[in-house]
Peer 1: 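Got a structure here, written out as structure tokens. Questions coming.
Worth saying up front: this structure is predicted, and the values here are computed from it rather than measured.
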Amino acid sequence: MKKLRGLSEGDFLKFLFALFSLAFLAAAVCMPDRGQMLGGLWQVISQPSKLSTNYFAVGGYAATFLNIGLVGLISLGLFQVFRGTPNNVSTLAVILTLGFSAWGINILNMWPTVLGVLLYCLVKRVKPGTMVNAMLFSTGIAPLLTDLMIRYPYAEAVGFNPGGIVIALVVGLFIGFFLPAGMAFAPQVHKGFDLYSAALPIGMTAFFLNAVLFKTLGMTLPDGADAAQLAVASKFTVNLFCVALFGVCVVLALAMGCTPRDYGKLLMSPTYVTSFTGTYGNAVALMNVGVFGLFILAYYNLVGVSFNGVTMGIIFCMLATCNSGSHPGNVWPIIAGYFLTSLICGWISGLAGGSFSQPISAQAICVGLCYANGLSPVSGKYGWPFGILAGGMHYLLVTSVPTLHGGFCLYNGGFTAALICILLVPQLECFAKTKEQRLKSKV
């Protein structure tokens, strides 16, 4: 364990990515439907995956775990092949991609945009190893590429066809090629307050392509996934897997020498930290992976969600920020903001005679909360009351944003978080003091 604790940040994160990927592959062969695993994987690859597609229903449990595990190995392989060194942002990129692989990304639709980023590297003479994070973030628009391959310009799926594959490849190359510039610019817009930073350029690109490929040309926008498929769920399967995986992370962290006091320093830090592996070391960072993961799992159990593929995916999408600044101490205000706003909106809707359909356990709200987590820098820097405010604002907006991108952007909630930053951050900078400023004023 001392050797594990002493690994460089890059090598330790490769170990973590391998651990997650192998855990999903091991789970795949343990599923009762493992006999249909390969056939189910073909269904995952060949069917539409617009928001919110439950891969448990499309391909089965074993196929879903297999797809996630293989995508994880591909992600790790990109770092190995191109000699990239993972960092805290890589943790976000890889675990987020794993989460998406339960409801939107698969081992086929991730490649066109990855190739686009490689084209960018070739033209700009940039080492591909430095752009692996961008390659992974680019896959957030993968559902559009599947649609282009199997049903564009039709409303119904017609299967893979040469024309659709060519269009998907061209669009994927376009997205991947221009994404790095967009990612570099995005922090200037949200000023670091949206941890899902790539969501802004991906969301805007999906907005643009939805308009160009469908609205402007008068093409029929295909429907999203049938809501009935979300009923295919297993609370036992998801909880057992997540408790086992996150529990292993906690045990390993303890064996590596992390103490409750060490982890307490992370939770109680008066300053906002953006890299836990870099600031607190491997053991404490791994402890946050386990504790934060169990915290997220407990919340979704508490509100009574349906544990389908989408829910399992968003647990990991939310966990993805575990090394970029998020922990239970600065995420709970976001959750509280969602919960309180849900109660208030339900009450007002009742008084006004409305048809309120967004309780805190609704699937769309659970998915939205996952990415509202990206606003944790707000509570981390300005304090919990402003985190509650940011969470409430996100709740109010998140279900309206898919209209812009047509359901093709997996980063819907992260894109919403960027819009909240545009609205909220200028007001905070004008009227509010940071936690650090308040502490200094007391001295």
Peer 1: Examine distances only and state if a side-chain atom of Thr113 and a backbone atom of Gly116 form a donor-acceptor pair shorter than 3.5 Å.
Peer 2: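 Checked: no pair found.
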Peer 1: Under 4.0 Å between a side-chain nitrogen and a carboxylate oxygen: does that hold for Lys381 and Glu436?
Peer 2: no
Peer 1: Using 0.5 Å steps for rounding, measure from the CE atom of Met204 to the NE2 atom of His405.
Peer 2: 11.5 Å
Peer 1: Atom CD1 of Ile105 and atom CZ of Phe100: how far apart are they, to the nearest 0.5 Å?
Peer 2: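 Answer rounded to 0.5 Å: 6.0 Å.
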Peer 1: Judged by modelled atom types alone, do Gln363 and Asn308 share a side-chain donor-acceptor pair under 3.5 Å?
Peer 2: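 A pair is found: one side chain offers a donor N or O, the other an acceptor, under 3.5 Å apart.
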Peer 1: I need the Leu73 CG to Ile68 CD1 distance, nearest 0.5 Å.
Peer 2: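 Nearest 0.5 Å value for the CG-CD1 distance: 12.0 Å.
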Peer 1: Please confirm whether the backbone N or O of Gly329 pairs with a side-chain atom of Trp332, one donor and one acceptor, at under 3.5 Å?
Peer 2: yes
Peer 1: Looking just at side-chain N and O atoms, do Thr277 and Asn282 make a donor-acceptor pair shorter than 3.5 Å?
Peer 2: no
Peer 1: Give the C-alpha distance, both sets of side-chain angles, the deciding distance and a yes or no for side-chain hydrogen bond (donor to acceptor under 3.5 Å, both in side chains) between Asp194 and Ser197.
Peer 2: CA-CA 6 Å; Asp194 180 9; Ser197 187; over 6 Å; no
Peer 1: Are any non-hydrogen side-chain atoms of Leu424 and Phe386 less than 4.5 angstrom apart?
Peer 2: no
Peer 1: Within the side chain of Thr139, is there an N or O that forms a donor-acceptor pair under 3.5 Å with the backbone of Leu136?
Peer 2: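 Indeed, once roles are kept as given, a pair shorter than 3.5 Å links the two residues.
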Peer 1: Give the ring-plane orientation class for Phe137 versus Tyr411, where under 30° counts as parallel, over 60° as perpendicular and anything between as tilted.
Peer 2: tilted
Peer 1: Are Lys50 and Phe408 in a cation-pi setup, meaning NZ or CZ lies under 6.0 angstrom from the ring centre and within 45 degrees of the ring axis?
Peer 2: yes
Peer 1: Is the ring pair Phe56/Tyr61 parallel, tilted or perpendicular, if the boundaries are 30 and 60 degrees?
Peer 2: tilted
Peer 1: How close do Ala253 and Ala283 get, heavy atom to heavy atom, and via which atoms?
Peer 2: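 Smallest interatomic distance, heavy atoms only, reads CB-O, 3.5 Å.
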Peer 1: Check the orientation of Phe316 and Phe246. Use parallel for under 30°, tilted for 30 to 60°, and perpendicular for over 60°.
Peer 2: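 Phe316 and Phe246: tilted rings.
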Peer 1: Taking Asn373 as the fixed residue, which of Val331, Asn330, Leu319 is the one that meets the side-chain contact (heavy atoms from CB on, under 4.5 Å) rule?
Peer 2: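 The option that passes is Val331.
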Peer 1: Answer with yes or no whether the side chains of Tyr280 and Asp262 bring together a donor and an acceptor at under 3.5 Å.
Peer 2: no
Peer 1: Under a 3.5 Å cutoff, is there a donor and acceptor pairing between the side chains of Thr146 and Asn109?
Peer 2: yes
Peer 1: Under 3.5 Å, is there a donor-acceptor pair between the side chain of Thr399 and the main chain of Leu396?
Peer 2: no
Peer 1: Can any side-chain N or O of Asn323 pair as donor or acceptor with the backbone N or O of Ala285 at less than 3.5 Å?
Peer 2: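 Between the backbone of Ala285 and the side chain of Asn323 there is no qualifying donor-acceptor contact (under 3.5 Å).
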Peer 1: Examine distances only and state if a side-chain atom of Ser349 and a backbone atom of Gly346 form a donor-acceptor pair shorter than 3.5 Å.
Peer 2: no
Peer 1: Please confirm whether the backbone N or O of Val44 pairs with a side-chain atom of Asn67, one donor and one acceptor, at under 3.5 Å?
Peer 2: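 No; judged by distance alone, with no hydrogens or angles, the pair does not exist.
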Peer 1: Decide side-chain hydrogen bond (donor to acceptor under 3.5 Å, both in side chains) for Ser326 and Ser376; before the verdict, give the C-alpha distance in whole Å, the side-chain angles of both, and the deciding distance to 0.1 Å.
Peer 2: CA-CA 6 Å; Ser326 290; Ser376 57; 2.7 Å; yes
Peer 1: Could you tell me how the ring of Phe241 sits relative to the ring of Phe65: parallel (under 30°), tilted (30 to 60°) or perpendicular (over 60°)?
Peer 2: perpendicular
